[in-house]
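Take a look at the structure set out below.
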Amino acid sequence: MDGTCQLTRSQFVAIQFPIVDLRLLLSSDTGRLNRPSWPDPDLGREFLRGVGVIQPLVDINEPRAWRGQQSFIDASSLIRFPPAWHERSPLWIKPIYRRLLCMNTTWRAEIGVVTKWKPGVGPRTINALANKILELPLRISGHEKSVLDFDQLLTADLLSRTTSTSHASMSWWMSSGLPLLLIDELDTRRNKIVFSTIPIIARNRPVPTFVIRRREYHVEQARYIRGELSRTYHQLETLRLILRAWRIHRDTLNVRLVRDLLASELKRMSRRSRNSHLQPNLIGITAATVEFPTDDLAAMRKDLRQESKGLVRRLDEFTKVLENKNNSSSYTIQLGRLVVNSGDNFTFNDRAAGVFGRNSAVQGNSFVAGDNATVPSAELGSLLSAIAALKPELDPDSSNDIEVASAEIVEADDPSKIRTALQKIAGIATMAGTAGTAVIEAVKLLAASLEIGS
């Protein structure tokens with residue numbers, strides 16, 4: 001699929017702005033407010049000044065995106081659509097949500113809308129839709145900008161609301177990356193899910209854009225794909241913004257704080273498997289949508305080579321992931337939490353096999369999930385959900401072991417490997433006592449459905 005493909009039905013579009021709070025990397029007093037107490041605020045009591053109270057994210061159905069994120073702020077009173085904007089747009093647009101999420105150093109602003117072309121408007125292509133969305137006017141604190149130019153207004157407003165009124169602030173202390181567009185369209189002509197990277201250039205700026213096309217009953221799979229892509233993109237932009245700040249404001253930043261934050265971010269991004277998919281491949285796919293500053297990575301490595309050999313090693317590993325993205329003609333992403341086709345394989349220029357569906361394929365930059373999966377989706381989904389609920393009750397080593405074992409089930413096409421992984425999971429769950437009961441039952445159901453025993 002390319003950007004000229006005609007769109008005739010309604011589309012859900014998620015617009016996301018990644019933001020980094022660089023005040024946490026400074027030694028000097030910045031006047032940053034201590035409340036809300038991120039990353040674990042007091043839900044229902046703490047609030048963002050002039051916006052709203054912090055609410056539990058579990059009450060939101062769309063999307064379940066940010067792993068580890070437990071709270072959000074409804075930003076409907078902060079981010080507004082100006083009067084008469086319906087008449088100014090060739091699209092019929094229905095706002096679904098506007099919200100802010102924060103994980104201490106990083107923020108994310110999310111806007112979700114359902115769109116449909118008005119009669120007589122054309123061409124109705126993906127590129128046209130993306131560009132119209134980027135022109136959508138947004139208003140904050142009396143100021144109005146398009147989506148493409150909204151990031152500076154947003155960061156300035158957030159900086160003001162989270163800084164003591166008696167303290168002066170510097171504009172660069174809060175920095176935003178490029179907006180991300182996730183377009184989700186219903187397509188009744190397909191029995192599979194396809195998601196594609198679409199090159200969008202607006203005012204000489206590349207705008208990362210992913211398009212998902214699916215049937216009505218693939219809503220959970222589409223939600224999962226959006227969540228994984230947005231999470232990975234947010235991590236990449238966080239790293240890019242930190243590297244940029246280091247290049248421009250190195251003399252102002254605290255080296256130890258920068259080092260610790262980089263080590264934490266790179267540790268999460270260097271894991272081979274996370275949430276039952278191969279993370280390096282997902283990073284490669286996401287990084288391919290926008291040029292990553294590898295020169296800044298090299299400069300950071302040189303500056304910190306005496307600070308931490310472990311961090312330098314992680315920088316080298318991450319650089320290799322980006323180099324593989326540039327040099328390899330084949331990328332694979334496992335999405336282990338899909339409800340119908342759990343563990344579907346999405347491959348460039350190749351065929352997919354095993355538990356990921358033998359009908360999976362790709363043309364160009366489109367990823368297609370096949371329908372013929374070896375591992376039953378319902379049983380696998382139940383097992384993965386039970387494991388996710390059990391992990392907080394486990395010690396770090398057991399939590400990591402059970403996650404690796406679940407990834408092995410998703411990735412394996414050999415029944416003996418699946419049986420071994422199920423035995424590992426059952427053993428860990430047994431040691432957890434009553435907390436592991438749901439996992440043990442889910443293991444038995446999956447083993448029975450595969451007729452392999454556990």
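Note that the structure is predicted; figures quoted are calculated from it, not measured.
- Under the 4.5 Å side-chain criterion, counting only non-hydrogen atoms from C-beta, Leu262 is not in contact with Trp246.
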Legend entry - side chain to side chain contact (heavy atoms under 4.5 Å, CB included) between Ile15 and Phe150, intermediate numbers included: CA-CA 11 Å; Ile15 310 161; Phe150 188 67; over 6 Å; no
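- Distance alone, capped at 3.5 Å, is enough to place a donor-acceptor pair between the Thr319 side chain and the Leu315 backbone.
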Inset, instruction - Report the C-alpha distance between Trp38 and Leu24 in whole Å, list the side-chain angles of each, state the deciding distance to 0.1 Å, and finish with yes or no for side chain to side chain contact (heavy atoms under 4.5 Å, CB included). - result: CA-CA 12 Å; Trp38 308 111; Leu24 295 173; over 6 Å; no
Inset, instruction - Go through the steps to decide whether Trp107 and Leu100 satisfy the test side chain to side chain contact (heavy atoms under 4.5 Å, CB included), and finish with yes or no. - result: CA-CA 7 Å; Trp107 289 73; Leu100 296 169; 4.3 Å; yes
Inset, instruction - Might you work through the side chain to side chain contact (heavy atoms under 4.5 Å, CB included) test for Val114 and Trp92, ending with a clear yes or no? - result: CA-CA 8 Å; Val114 172; Trp92 174 83; 4.2 Å; yes
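- Under a 3.5 Å cut-off, the side chain of Arg205 and the backbone N or O of Leu148 do form a donor-acceptor pair.
- Rounded to the nearest 0.5 Å, atoms CD1 (Ile133) and CD1 (Ile93) are 5.0 Å apart.
- What you find for Pro82 and Arg139 is that their closest heavy atoms are CB-NH2, 3.7 Å.
- Not one N or O on the side chain of Thr232 forms a donor-acceptor pair closer than 3.5 Å with the backbone of Leu229.
- At a threshold of 4.5 Å between non-hydrogen side-chain atoms, the residues Thr105 and Glu265 do not count as touching.
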Legend entry - side chain to side chain donor-acceptor pair (under 3.5 Å) between Asn127 and Thr125, worked out: CA-CA 5 Å; Asn127 271 315; Thr125 65; 5.6 Å; no
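- Considering all non-hydrogen atoms of both residues, Leu390 and Ala432 come closest at CD1-CB, 4.0 Å.
- Between Glu185 and Leu129 the shortest side-chain heavy-atom distance does not fall below 4.5 Å.
- Side-chain atoms of Leu134 and Leu181, non-hydrogen and from C-beta on, do get closer than 4.5 Å to each other.
- Between the side chain of Ser175 and the backbone N or O of Trp172, no donor-acceptor pair lies under 3.5 Å.
- Note that CD1 of Ile96 is 13.5 Å distant from CD of Glu110, once rounded to the nearest 0.5 Å.
- A distance of 6.5 Å separates CD in Glu135 from CG in Asn131, rounded to the nearest 0.5 Å.
- Applying the side chain to side chain donor-acceptor pair (under 3.5 Å) test between Arg247 and each of Asp295, Asp296, Asp303 identifies Asp296 as the sole match.
- Between the Ser264 side chain and the Asp260 main chain, no donor and acceptor come within less than 3.5 Å of each other.
- Taking every heavy atom of both residues into account, Ile140 and Leu154 meet most closely at CD1-CD1, 4.0 Å.
- Nearest heavy atoms, Leu178 versus Pro18: O-CD, 3.4 Å.
- To the nearest 0.5 Å, the span separating CZ on Arg98 from CZ on Arg80 amounts to 7.5 Å.
- Side-chain atoms of Asn254 come within 3.5 Å of backbone atoms of Leu257 as a donor-acceptor pair (strictly under, hydrogens ignored).
- When every heavy atom of Asp74 is checked against every heavy atom of Gln55, the shortest pair comes out as CB-NE2, 3.7 Å.
- A distance-only check finds no donor-acceptor pair linking the side chain of Arg108 to the backbone of Leu101 [under 3.5 Å].
- Taking CG of Leu136 as the start and NZ of Lys145 as the end, the distance is 15.0 Å to the nearest 0.5 Å.
- Between the Thr209 side chain and the Val207 main chain, a donor and an acceptor come within less than 3.5 Å of each other.
- Atom CG of Asn34 is surrounded by 12 or fewer heavy atoms from other residues, nucleotides or ligands within 6.0 Å.
- Counting all heavy atoms, side chain and backbone alike, Phe47 lies closest to Pro36 at O-CG, 3.4 Å.
- For Lys94, the NZ atom is loosely surrounded, since the number of other residues' heavy atoms within 6.0 Å does not exceed 12.
- Side-chain N or O atoms of Ser77 include one that pairs as donor or acceptor with a backbone N or O of Val51 at under 3.5 Å.
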Legend entry - Intermediate values then yes/no, side chain to side chain donor-acceptor pair (under 3.5 Å), Arg23 and Thr163: CA-CA 10 Å; Arg23 289 174 294 180; Thr163 302; 2.8 Å; yes
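- Here the side chains of Glu46 and Ser37 are in contact, with some heavy-atom distance below 4.5 Å.
- Annotation for Gln152: atom CD does not count as buried by contact number, only 12 or fewer foreign heavy atoms lying within 6.0 Å.
- Between Phe81 and Ile111, some side-chain heavy-atom pair lies under the 4.5 Å cut-off.
- Counting heavy atoms from C-beta outward, His249 and Leu22 have side chains that stay 4.5 Å or more apart.
- With a 4.5 Å cut-off on side-chain heavy atoms, Gln16 and Pro208 do not count as touching.
- For the atom pair CE of Met174 and OG1 of Thr30, the computed distance is 9.5 Å after rounding to the nearest 0.5 Å.
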